[in-house]
Amino acid sequence: MKLKRTHTCGELSAKNTGSSVILNGWVETRRDHGGLVFVDLRDRYGKTQVVFSTERNKDLHEKVNQLKLEYVIAVKGKVEPRPEGTVNPKLATGEIEINAEELEILNEAKTTPFEISDSITSATELRLKYRYLDIRRPSVQRILIQRSEIIKALRDYYGANGFVDVETPFLVKSTPGGARNYLVPSRLNHGSFYALPESPQIYKQLLMLAGLDKYYQIVKCLRDEDLRADRQPEFTQLDVEMSFVDIDDVIKTTEGAVAEVFRKSLGIKLELPLQRMEYSEAMSKYGSDKPDLRFGMQLVDLGDIVKKSSFKVFSDALSNGGAVKGIKVESAAGGFSRKNLDDLNVLVQGVGAKGVLWIKYEENDINSPAKKFLTPEEIAGFQQKFNAKKDDLVLIIAGPLKITNLALGQLRLHIANKLNLIKKGEFKLCWVVEFPLFEYSEEEKKLVSSHHPFTSPKVEDMPLLDTEPAKVRARAYDLVLNGVELGGGSIRIHRQDMQKKIFSLLGISDEEAKEKFGFLLEAFEYGAPPHGGIALGIDRFVMLLTGAESIRDVIAFPKTAKAVCLMTNAPSPVTKKQLDELGIAVKEKE
RNA sequence: GGGGGCGUAGAUCAAUUGGUUAGAUCACCAGACUGUCGAUCUGGAAGUUGCGGGUUCGAUUCCCGUCGCCCUCGCCA
């Protein structure tokens with residue numbers, strides 16, 4: 001390589017006029033006018049127009065004619081102002097151009113399987129197969145660069161605040177509960193397997209026991225579960241743990257970190273402290289434990305209006321201990337056809353509700369399939385409760401409280417999306433607190449941890465552990481951004497007696513607890529400090545901050561919905577020799 | 001594992017009620033052109049309509065199966 005760059009393709013301006021420069025980069029476009037050829041040269045930093053002119057440099061012309069898209073070249077030339085009327089305001093370097101004097105072709109390129117351009121989006125399949133070409137697109141690079149800046153901001157913040165970055169193992173013990181582990185066979189111990197960590201949870205607690213006081217790590221977590229638009233089998237967490245703290249300490253530290261990211265990455269100043277909402281309020285007003293606060297449409301309880309209703313849908317729900325609740329969609333009655341409303345039924349039936357009842361408000365009257373079942377008092381009561389006006393649409397669900405909340409929560413999100421009620425570029429953060437410590441699992445017919453079994457109950461609720469464990473609240477907190485769970489954490493149990501008690505409530509026997517978590521229980525006997533922490537999903541955070549639509553867009557080399565890497569074709573079968581060394585035989589597919 | 005959507009040239013898309021030689025744009029190839037920046041102009045090449053089967057005189061179109069990708073439910077302490 002004779003011509004090594006003196007500048008990048010994004011930095012030259014009128015100030016550099018007259019200087020001789022060398023640029024390296026990829027040929028993005030070539031506009032051939034015969035005796036005059038324009039090449040847009042691209043690198044990570046931008047684009048610069050290079051002009052090849054036969055008049056000024058005849059010898060170059062043969063070489064210039066060889067140039068094709070995505071060739072890698074080096075150009076030496078003079079920075080010149082563009083002639084009047086040819087300045088390109090869309091380009092940062094649009095005031096100038098390079099008048100080429102020398103050209104070195106560093107490498108040729110086959111025709112790419114898709115255009116390297118931000119204006120055309122190819123099929124995901126192709127983008128993932130040729131991800132290195134996809135990443136050449138400036139919009140993809142921008143996201144990865146922003147991700148890098150966000151991670152640097154976090155490292156700077158936690159470093160400056162005295163946190164120690166400790167690496168925890170990747171070959172760990174498989175533990176029950178929670179996400180399915182990826183397993184790694186042990187060559188030296190046939191029949192035994194390591195697990196890849198679904199999170200470094202236990203290690204960070206042990207680091208507190210070890211006296212490290214403040215720990216953080218930006219680390220991959222691996223979960224062998226099904227994928228989604230916001231879920232990949234390997235993802236990155238900001239993992240934090242602190243000693244001698246309570247909820248407020250963890251929340252305050254985390255808010256500082258999040259604010260720092262917003263400031264450095266988007267130039268947005270967050271109002272601190274962030275809003276906190278109790279789990280029960282989130283469920284009752286938003287029908288979700290991760291409420292999207294960018295729009296209203298809160299759930300309204302109609303129980304007192306319909307408590308004497310003769311309408312069976314309402315009376316049955318209430319007499320069975322359930323609820324009747326609704327949401328108001330302003331000025332939407334005209335926009336919902338009979339078919340649209342029927343489609344809403346499908347949506348709510350997905351979460352177990354029977355169906356949606358709708359009321360359209362007209363001039364001094366209502367239109368609703370339930371009209372004939374409602375008394376004038378009830379109709380007036382609804383109107384008043386919702387403050388409903390002409391052309392408003394009210395959607396009502398009746399049934400068990402949990403299902404009613406969930407169904408209305410789903411409706412709320414669905415309608416906000418459909419009607420574009422969510423402003424782009426807005427960020428609404430909140431903490432959700434006071435989670436129940438346990439949930440009843442219908443499937444397993446027993447209590448399970450809402451968060452994880454190391455979560456400490458609220459001190460004032462501890463007496464309830466023996467009487468009404470389902471009512472015990474946890475010292476846990478989730479951070480929610482725009483209706484997405486960014487992360488969560490808790491104050492942990494640090495006493496062995498409490499931990500044993502929780503295990504027993506969860507139906508984990510002493511033997512089982514000893515077998516699975518014996519090392520942790522033993523550790524608690526050696527002076528465990530009170531401690532707590534949090535983990536934030538970096539990929540989701542970056543996704544929200546960059547406006548990316550999928551978690552794949554913020555991961556350099558992501559996997560498909562079947563957890564396949566289309567670029568390398570992982571996972572793939574291995575040789576018999578490899579399997580023999582591991583003492584593993586693969587079952588034939590049935 | 002369940003539900004839904006998509007699959008046509010290298011890429012992005014089109015193709016009437018099932019109808020004759022499957023089109024357009026970009027990219028590609030050849031040529032023209034000294035001020036373009038989505039360059040323009042002339043010409044050219046490019047297709048197992050994902051794959052397999054079925055219905056039919058005839059299937060890109062309808063049916064069944066299958067594969068891949070996407071969304072979603074379950075799942076993700």
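Quantities reported herein were computed from a predicted structural model and do not represent experimental measurements. So that the names make sense, note that chain A is the first sequence line, chain B the second, and so on, each numbered from 1. Only heavy atoms go into these numbers, but all of them, side chains included; no hydrogens, no water, no symmetry mates.
- Positionally, the nearest nucleotide of RNA chain B for A:L36 lies more toward the 5' end than for the other of A:T124 and A:L36.
- Look at A:H33 and the base of B:A39; the rings stack, centres closer than 5.5 Å and planes less than 30° apart.
- For B:A11, neither phosphate oxygen OP1 nor OP2 lies less than 4.0 angstrom from any side-chain nitrogen or oxygen of A:S122.
- The P atoms of B:U61 and B:G7 are separated by 11 Å, rounded to the nearest whole Å.
- Applying the 4.0 Å criterion to OP1 and OP2 of B:C70, one finds that A:K562 has every side-chain N and O outside that range.
- Listed for the A:D224 side chain is no donor-acceptor partner under 3.5 Å among the backbone atoms of A:Y182.
- Base pairing annotation: B:U66 forms a Watson-Crick or G-U wobble pair with B:G50, both donor-acceptor distances under 3.5 Å.
- Here the separation of B:C75 from B:A14, taken at their P atoms, is 37 Å to the nearest Å.
- Nucleotides B:U20 and B:A11 place their P atoms 25 Å apart, quoted to the nearest Å.
- Base pairing analysis places B:U17 opposite nothing; no Watson-Crick or G-U wobble pair with both distances below 3.5 Å involves it.
- With a 6.0 Å radius and a threshold of 12 heavy atoms from other residues, nucleotides or ligands, A:K559 has its NZ atom above the threshold.
- Atom P of B:G31 sits at a distance of 23 Å from the matching atom of B:G47, rounded to the whole Å.
- Remark on RNA chain B: of its neighbouring residues A:E115 and A:N99, the 5'-side contact belongs to A:E115, judged by nearest-heavy-atom nucleotide.
- Screening residues 474-506 of chain A for ring pair (Phe, Tyr, Trp, His ring centres under 6.0 Å), with sequence neighbours left out, gives A:F503-A:F517.
- A:R223 comes within 4.0 angstrom of the backbone, heavy atoms only, and of no base.
- Pairing for B:U8 is absent, judged as Watson-Crick or G-U wobble with the two contacts each under 3.5 Å.
- Atom NZ of A:K458 sits in a crowded spot, with more than 12 heavy atoms from other residues, nucleotides or ligands closer than 6.0 Å.
- Residue A:K110 places none of its side-chain N or O atoms closer than 4.0 Å to OP1 or OP2 of B:C28.
- The separation of B:G50 from B:A45, taken at their C1' atoms, amounts to 24 Å, rounded to a whole angstrom.
- B:U66 and B:U25: their P atoms are spaced 40 Å apart (whole Å).
- Between A:D289 and A:Y279, the closest side-chain pair of non-hydrogen atoms falls below 4.5 Å.
- Comparing the C1' positions of B:A15 and B:U60 gives an interatomic distance of 8 Å, to the nearest angstrom.
- A gap of 25 Å separates the P atoms of B:G43 and B:G38, to the nearest Å.
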